[in-house]
Amino acid sequence: MKIFILNHCSHNKGDNSVLYYLTKCLDMVSTNNEITVSCSDGKSPFWANESVKSVYWPGGKIFKTPEVGFIKNAIRRIKFMMMRKIFYKLFLYCYANKYDKFAKILASLFFNSQLISAFKNVDKVICTGGHHISNVLEKDCINPQLVSLALADLYGHQTVMWSQSIGPIDTATNYSKIAMGRVFDSCSQIFVRDDLSEKCVKNTSGAKTIKAPDSVFLSNKLVSDFVKNINKPYVCCAVYTAGIADEAYLGSYKKSWISIAEGLIAKGFDVIFIPMQYKGFGGDERGFLNEVISELAGDCVSFIDEDKSPKDTLELFKGASFIIGHKTHSVIYGLALEIPTIAIAYHEKTRYFMGLFGLEDFVYQDVISNETYIVEKISAETADYQKSVHASLDKSALFAEQLVTNLKYSIYDL
C-alpha cells in the first residue's frame with residue numbers, strides 16, 4: 001500500500017517519536033508498505049530505513065537549517081514569511097470558499113511539484129499525530145500543516161488524522177476556521193488526544209471524532225526486552241524554550257531549573273536534560289541548557305548534546321527513576337513507560353494526559369515558584385503511588401493495543 005504521511009516536523013524530537021511509532025504501528029497492521037513523508041526539511045529522518053521517501057512541506061525550502069549559511073537561511077525566512085502572509089492565506093481563502101480550481105492552480109505554482117505528485121500517486125493519506133492546527137505558534141492558524149490537509153482533500157483523499165491535539169483556534173481568521181471545518185468534514189477518521197481537540201472539531205464542522213492515545217504509547221509494547229544497566233539513578237528533564245523571546249522570563253526559568261537540579265542532586269540523583277529539538281534547528285534548547293549546567297558544580301548534571309534516534313530516546317527515558325517534563329512527549333514517555341512523572345503544563349493537553357491516569361496532583365503550570373514542590377515530589381512516596389496507579393489501571397498497555405486497532409481499522413476502512 002502506498003501511504004503518504006503529512007506534517008512531519010523534522011527538527012522536533014516529539015514529532016520524530018510520533019512518526020517512529022506510527023511507522024512501527026503500520027508495520028504491525030499492513031505489509032509491503034511504500035511510505036512517503038512530507039517533512040519540513042524535505043529529508044527522510046536519519047533513523048528511518050532507506051525505503052522511506054520524503055518531500056517538502058508546501059513551499060519547499062522555507063525553514064532554516066544548521067548546514068547552510070546565514071544568507072541562505074535569511075532567504076528561507078523571507079520565503080516562509082511570503083508563503084505564510086500571502087500564498088497560504090490566498091490558497092486557504094480559495095479553499096474555504098470552494099474556489100477549488102484556482103486553489104489547485106496556486107498550489108501547482110507556489111507549492112512544490114513533488115508534494116503535488118505524491119498526493120496524486122498514493123492510496124492513503126495520514127496526518128501524523130501532533131499539534132498541527134492551533135494558534136500556539138501562528139495566531140491566525142495559517143500554517144503549512146493546514147494547507148497540506150486542504151491539499152489532501154482537493155486531490156481526493158479522505159485523510160486519517162492520527163492522534164491530534166487541535167486548538168486553541170479562538171484567534172483564527174474566519175476563513176481559516178471554515179477551511180478547518182472543510183478539512184475535518186473530508187477526513188475518514190479524526191483521532192483526537194484531548195477534550196479541547198474534540199471541541200474545536202465540533203465547533204467548526206459536522207465531523208465526528210474518536211478519542212485516542214498518543215502514538216508514543218506504542219512504546220509500551222516495544223520495551224519488553226529492554227534491560228536497565230544503570231550505575232546511578234537519574235532524573236530525565238525536558239525544558240520548554242521554543243518560541244520564547246522574553247529574556248526576563250528565561251532568566252527566571254533558568255534559575256528555577258538550576259534550583260531543581262540542585263535539589264535533585266542533594267537527593268542523590270544525577271540529572272540528565274534531554275533536548276526535545278534537534279541540534280541547530282529552531283527551538284534548540286542546548287544553549288539554554290548549557291547556561292544551566294555551567295552554573296552547577298560537579299558532574300552530576302548533563303544534557304544530551306548529540307541527536308538521538310527515537311529508539312535511543314526511548315531507552316534514555318526508560319532508564320530514568322523519574323521524569324520532569326515541560327515538553328508534551330517527555331510526559332507521554334513517562335506515562336507510556338510507567339515511569340514516575342512530574343508534568344509542567346504549557347498547554348491544556350498535558351494536564352488532560354496526566355488526568356487520564358488520575359495524576360493531576362503531579363502537574364504544575366510552570367517551574368517558576370514551584371521549585372520546592374517539584375523537588376519534594378521526587379520521592380519514594382511518589383514512585384510507589386504512581387507505580388500502584390499504573391499497576392491497577394494497566395492503561396498504558398491498553399492504549400498501545402488501542403493504537404494498533406485504530407490504525408488497522410483506518411488503513412482498511414473497516
Side-chain angles (χ1 to χ4, degrees), residues 6-18 40 57-58 62-64 77 80-81 83-85 88-89 92 127-150 161-177 179-181 183-184 190-201 203-204 209 214-216 238-246 249-250 253 275-278 281-285 288 325-332 343-354 363-368:
L6 302 182
N7 294 333
H8 172 60
C9 184
S10 303
H11 58 270
N12 183 277
K13 194 170 289 184
D15 276 39
N16 275 267
S17 294
V18 168
S40 57
W57 282 7
I62 55 176
F63 297 106
K64 68 177 185 178
R77 179 63 180 170
F80 174 67
M81 294 306 293
M83 283 289 163
R84 213 182 80 73
K85 297 294 185 181
Y88 292 164
K89 287 186 175 183
L92 288 171
C127 177
T128 183
H131 202 150
H132 304 303
I133 299 177
S134 81
N135 62 17
V136 172
L137 294 178
E138 299 92 9
K139 296 302 180 186
D140 56 7
C141 296
I142 304 295
N143 60 32
Q145 295 101 309
L146 180 56
V147 169
S148 295
L149 288 163
M161 294 192 71
W162 183 249
S163 297
Q164 304 288 303
S165 285
I166 299 165
I169 60 171
D170 51 298
T171 58
T173 62
N174 187 55
Y175 68 85
S176 65
K177 286 183 180 179
M180 290 175 204
V183 162
F184 297 145
I190 303 176
F191 295 107
V192 295
R193 301 187 295 185
D194 52 71
D195 292 332
L196 175 61
S197 303
E198 192 172 55
K199 181 180 178 182
C200 289
V201 173
N203 287 346
T204 55
T209 59
D214 183 88
S215 302
V216 172
V239 304
Y240 184 80
T241 60
I244 300 174
D246 186 337
Y249 172 81
L250 288 172
Y253 189 63
M276 299 301 285
Q277 302 287 109
Y278 282 133
F281 288 87
D284 183 1
E285 310 99 315
F288 175 85
H326 200 169
K327 290 286 283 185
T328 303
H329 280 101
S330 60
V331 173
I332 294 174
I344 317 300
Y346 76 90
H347 187 277
E348 180 184 319
K349 60 187 175 182
T350 302
R351 196 174 298 277
Y352 174 82
F353 296 145
M354 291 289 281
V363 184
Y364 296 90
Q365 197 65 34
D366 203 335
V367 294
I368 299 171

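These numbers come from a predicted model, not from an experiment.
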Would you compute the distance between atom CZ of F184 and atom OG1 of T209 and round it to the nearest 0.5 angstrom? 10.0 Å

Counting only heavy atoms not in K199 (residues, nucleotides, ligands), do more than 12 fall under 6.0 Å from its NZ? no

Can a donor-acceptor pair be found, under 3.5 Å and without considering hydrogens, that links the side chain of E198 to the backbone of L196? no

Interatomic distance, OG@S134 vs CG@L146, rounded to 0.5 Å, equals 11.0 Å

What is the distance from atom CD1 of I166 to atom CE of M161, rounded to the nearest 0.5 Å? 4.5 Å

Between S10 and Y278, does a side chain to side chain contact (heavy atoms under 4.5 Å, CB included) hold up when you go through it step by step? CA-CA 8 Å; S10 303; Y278 282 133; over 6 Å; no

Can you see which heavy atom on F80 is nearest to which on I62, and at what distance? CB-O, 3.3 Å

4.5 Å side-chain heavy-atom contact, Y249 and I368: yes

Which residues pass the ring-ring contact (aromatic ring centres under 6.0 Å, His included) test with H8, not counting sequence neighbours? none

Can you name the nearest heavy-atom pair linking F63 to S40, along with the distance? CD1-O, 3.5 Å

At their closest point, which heavy atom of G14 faces which heavy atom of H329, and how far apart are they? CA-ND1, 3.6 Å

Would you please name every residue forming a side-chain contact (heavy atoms from CB on, under 4.5 Å) with A238, sequence neighbours left out? M276, K327, S330

Nearest 0.5 Å please: distance from the NZ atom of K349 over to the OG atom of S165. 4.5 Å

Smallest separation among heavy atoms of H132 and C127, with atom names: CD2-SG, 3.6 Å

Atom CZ of R84 and atom CG of N143: how far apart are they, to the nearest 0.5 Å? 8.0 Å

Below 4.5 Å, heavy atoms only, C-beta onward: do P144 and N7 meet side chain to side chain? no

S17 to V216 - nearest heavy-atom pair and separation: CB-CG2, 3.9 Å

When you measure from the side chain of D140 to the backbone of T171, do you find a donor-acceptor pair of N or O atoms at a distance under 3.5 Å? no

Using only atom types and a distance under 3.5 Å, with no angle test, would you say the side chain of K64 pairs donor to acceptor with the backbone of R77? no

Could you walk me through whether H347 and Y240 pass ring pair (Phe, Tyr, Trp, His ring centres under 6.0 Å), step by step? CA-CA 11 Å; H347 187 277; Y240 184 80; over 10 Å; no

Should R193 and D214 count as an ion pair when the cut-off is N to O under 4.0 Å? yes

Expected output: side-chain Q277 to main-chain E285 donor-acceptor under 3.5 Å: no

Identify the residue among Y346, Y253, Y364 that makes a side chain to side chain donor-acceptor pair (under 3.5 Å) with H326. Y253

At their closest point, which heavy atom of S148 faces which heavy atom of L6, and how far apart are they? O-CD1, 3.8 Å

Has the side chain of Q164 got a donor or acceptor atom that lies under 3.5 Å from a matching backbone atom of T128? yes

Measure the OG-CD1 distance between S176 and I133 for me, rounded to the nearest 0.5 Å. 9.5 Å

Not counting sequence neighbours, which residues clear side-chain contact (heavy atoms from CB on, under 4.5 Å) with A345? List them please. T350, R351, V363

With a 4.5 Å limit on heavy-atom distance, are the side chains of I169 and M180 in contact? yes

Counting distance only, does the side-chain N/O of Y88 pair as donor-acceptor with the main-chain N or O of P58 below 3.5 Å? yes

